[in-house]
Protein chains: 2
Amino acid sequence: MSAKVETEAERARRLFAEYLRGKGHHVTKKRLFMAEEIFRLKPRHFDAEAILELLRREGRWREEFDRFPLSRATVYRTLDLMVRAGLLSKSTMDEGPARYEVKLGRQHHHHMICEGCGEIVEFVDWGHEHLVRQAAACRGWQFVDSELIIHGLCPRCKGQRRG
Amino acid sequence: MSAKVETEAERARRLFAEYLRGKGHHVTKKRLFMAEEIFRLKPRHFDAEAILELLRREGRWREEFDRFPLSRATVYRTLDLMVRAGLLSKSTMDEGPARYEVKLGRQHHHHMICEGCGEIVEFVDWGHEHLVRQAAACRGWQFVDSELIIHGLCPRCKGQRRG
DNA sequence: GTTAATGCAAATCCTTTGCAGTAAT
DNA sequence: ATTACTGCAAAGGATTTGCATTAAC
């Protein structure tokens with residue numbers, strides 16, 4: 001008997017189901033489908049519209065999808081639930097639509113955004129993490145989460161602006 | 001002859017006028033009025049709507065204002081110019097309308113937001129500032145700006161959630 | 001059977017834009 | 001005189017919502 005190892009997508013699906021049950025919500029096919037497929041495809045920094053398109057294009061369960069398409073409203077509602085379940089994180093970097101990203105199983109990281117080309121780079125910085133927790137604690141706050149965004153010029157754009 | 005010291009509001013007005021001239025923009029009464037009044041009243045974390053209301057209620061130059069009211073469109077356009085001039089900073093913390101705050105003459109600071117009551121607290125942390133610059137530099141980026149948001153529970157809400 | 005989720009389209013919120021009129025250069 | 005700003009109302013993008021239908025409990 002080979003004990004099959006749970007894939008990340010399966011884990012996301014399972015945890016989401018547990019979350020939903022725990023909250024007294026219905027565990028529907030479309031919700032599980034979204035959790036599983038997002039964690040299988042693992043897109044980075046996507047908005048609601050992009051997810052909808054991605055699932056339409058690359059999602060399994062295609063035939064049934066054609067007959068019972070996901071509506072925009074359900075995508076928004078389910079993304080919101082996944083954020084509350086801790087599977088995704090949501091942020092409104094600047095303008096434009098809200099961005100989501102896979103959170104479960106990833107270490108906490110931050111973002112650098114290039115003012116020139118808009119490129120987004122992720123980075124991990126534990127020294128920073130420590131400082132932030134300290135900053136909250138010494139002011140009597142309970143730390144929950146932090147987001148750091150560095151605006152700058154990426155190596156390429158840095159060169160161009162000088163030349 | 002007493003050399004009168006320039007107030008902050010006057011300075012903001014002057015710098016804005018210089019910025020506008022430098023860019024070949026018109027130096028209009030309404031633009032100068034906005035810069036001067038915002039820096040006189042110094043509200044914290046305001047959105048476009050709030051500024052409009054504040055200027056209507058507390059702004060000097062009231063009578064003329066009644067005859068030539070500021071339009072929403074002009075408020076948006078002028079706030080944008082003030083950001084580019086470096087007088088204000090703009091951020092889209094989470095949901096809702098974009099928030100502005102007075103930047104000129106204030107040291108760079110960050111924000112803690114309470115998940116419980118929504119309170120926003122500002123704090124300065126130079127250690128953090130240094131780390132951030134380093135993080136950008138050692139990846140080949142040119143640092144421009146950074147924003148840090150800590151989500152947490154303020155002392156009051158921290159107590160309530162336990163009790 | 002009861003309760004909640006879904007799709008649709010309409011509504012909402014915040015912001016930008018086209019254009020005719022007005023003010024700054 | 002020329003150019004740019006302003007107000008208005010309409011358009012725009014992103015998200016939410018009311019309600020009838022359908023699925024989960």
Side-chain angles (χ1 to χ4, degrees), chain A residues 13 16-35 37 45-56 59 61 64-85 88 90-100, chain B residues 13 16-35 37 45-56 59 61 64-85 88 90-100:
Chain A
R13 180 193 165 102
F16 194 34
E18 286 169 7
Y19 170 82
L20 291 170
R21 258 189 287 274
K23 290 284 179 183
H25 295 137
H26 288 187
V27 180
T28 67
K29 283 175 191 164
K30 294 189 174 175
R31 285 175 175 173
L32 296 181
F33 169 74
M34 278 189 65
E37 289 300 285
H45 307 125
F46 51 92
D47 59 30
E49 199 60 34
I51 263 305
L52 186 50
E53 206 195 321
L54 181 69
L55 293 179
R56 279 211 185 111
W61 198 48
E64 304 191 43
F65 220 146
D66 289 344
R67 279 185 297 145
F68 309 110
L70 269 184
S71 70
R72 210 145 283 144
T74 295
V75 168
Y76 277 107
R77 289 189 273 234
T78 305
L79 287 175
D80 188 38
L81 283 168
M82 289 178 71
V83 169
R84 293 193 215 186
L88 300 180
K90 176 183 183 177
S91 70
T92 50
M93 299 239 170
D94 326 277
E95 331 282 280
R99 299 306 194 84
Y100 297 84
Chain B
R13 180 192 165 104
F16 195 34
E18 286 169 6
Y19 170 82
L20 293 169
R21 257 190 287 277
K23 290 285 180 183
H25 296 136
H26 287 188
V27 180
T28 68
K29 284 176 190 162
K30 294 189 173 175
R31 286 176 174 171
L32 295 181
F33 170 74
M34 278 189 65
E37 288 301 283
H45 305 126
F46 51 91
D47 59 30
E49 199 59 35
I51 264 304
L52 186 50
E53 206 195 321
L54 180 69
L55 293 179
R56 279 210 185 111
W61 197 51
E64 304 193 42
F65 220 145
D66 288 344
R67 280 186 294 147
F68 309 110
L70 268 185
S71 69
R72 211 144 284 147
T74 295
V75 168
Y76 277 106
R77 288 189 273 232
T78 305
L79 287 176
D80 188 38
L81 284 168
M82 289 178 70
V83 169
R84 294 194 214 186
L88 301 180
K90 176 182 184 178
S91 68
T92 49
M93 299 239 172
D94 329 276
E95 330 281 282
R99 298 306 194 83
Y100 297 84

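Proteins get letters first, then strands, A, B, ... in listed order; numbering begins at 1 in each.
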* How many Å lie between CZ on B:Phe33 and C1' on C:dA24, as a whole number? -> 19 Å

Between the protein and nucleotides 14-16 of chain C, which nitrogen or oxygen pairs come in under 3.5 angstrom?
{"residue": "C:dT15", "atom": "OP1", "partner": "B:Ala98", "partner atom": "N", "Å": "2.7"}
{"residue": "C:dT15", "atom": "OP2", "partner": "B:Tyr76", "partner atom": "OH", "Å": "2.7"}

* **Side-chain donor or acceptor of B:Thr78 paired with backbone N/O of B:Thr74 under 3.5 Å** => yes

* Asked: A:His25 NE2 to C:dT6 P: how many Å, rounded?
  -> 11 Å

* Asked: Is A:Lys30 near enough to C:dG7 that one of its side-chain N or O atoms lies under 4.0 angstrom from OP1 or OP2?
  -> yes

* To do: If the plane angle is over 60° it's perpendicular, under 30° parallel, otherwise tilted; pick one for A:Tyr19 and A:His25.
  => tilted

* Atom CG of B:Leu81 to atom C1' of D:dA4: distance rounded to whole Å? -> 12 Å

* To do: Return no unless some side-chain N or O of A:Thr74 is found under 4.0 Å from OP1 or OP2 of C:dA5.
  => no

* **From CG (A:Leu20) to CZ (A:Arg84), nearest 0.5 Å** => 11.0 Å

* **Rounded distance in Å - CG (B:Asp80) to C1' (D:dT6)** => 16 Å

* For the pair made of NE2 in A:His26 and P in C:dT2, what is the distance, rounded to whole Å? -> 14 Å

* Looking only at side-chain atoms of A:Thr28, point me to the closest of D:dA24, D:dC5, C:dT25. => D:dA24

* Asked: Does the A:Arg72 side chain pair with the main chain of A:Leu52, one donor and one acceptor, at a distance under 3.5 Å?
  -> no

* To do: Compare every heavy atom of A:Lys90 with every heavy atom of A:Ala98, then report the nearest pair and how far apart it is.
  => CB-CE, 3.6 Å

* Quick one: pull up OH in B:Tyr100 and CG in B:Leu79 and give me the separation to the nearest 0.5 Å. => 5.0 Å

* Spacing between A:Lys29 atom NZ and C:dA4 atom C1', to the nearest angstrom -> 16 Å

* Starting at CZ of B:Arg21 and ending at P of C:dA24, how long is that distance when rounded to a whole Å? -> 13 Å

* Start with the C-alpha gap between B:Lys23 and B:Leu81, add the side-chain angles, then the distance that decides, and say whether side-chain contact (heavy atoms from CB on, under 4.5 Å) holds. => CA-CA 11 Å; B:Lys23 290 285 180 183; B:Leu81 284 168; over 6 Å; no

* Whole angstrom is fine here: how far is it from CG in A:Leu70 over to C1' in D:dT22? => 15 Å

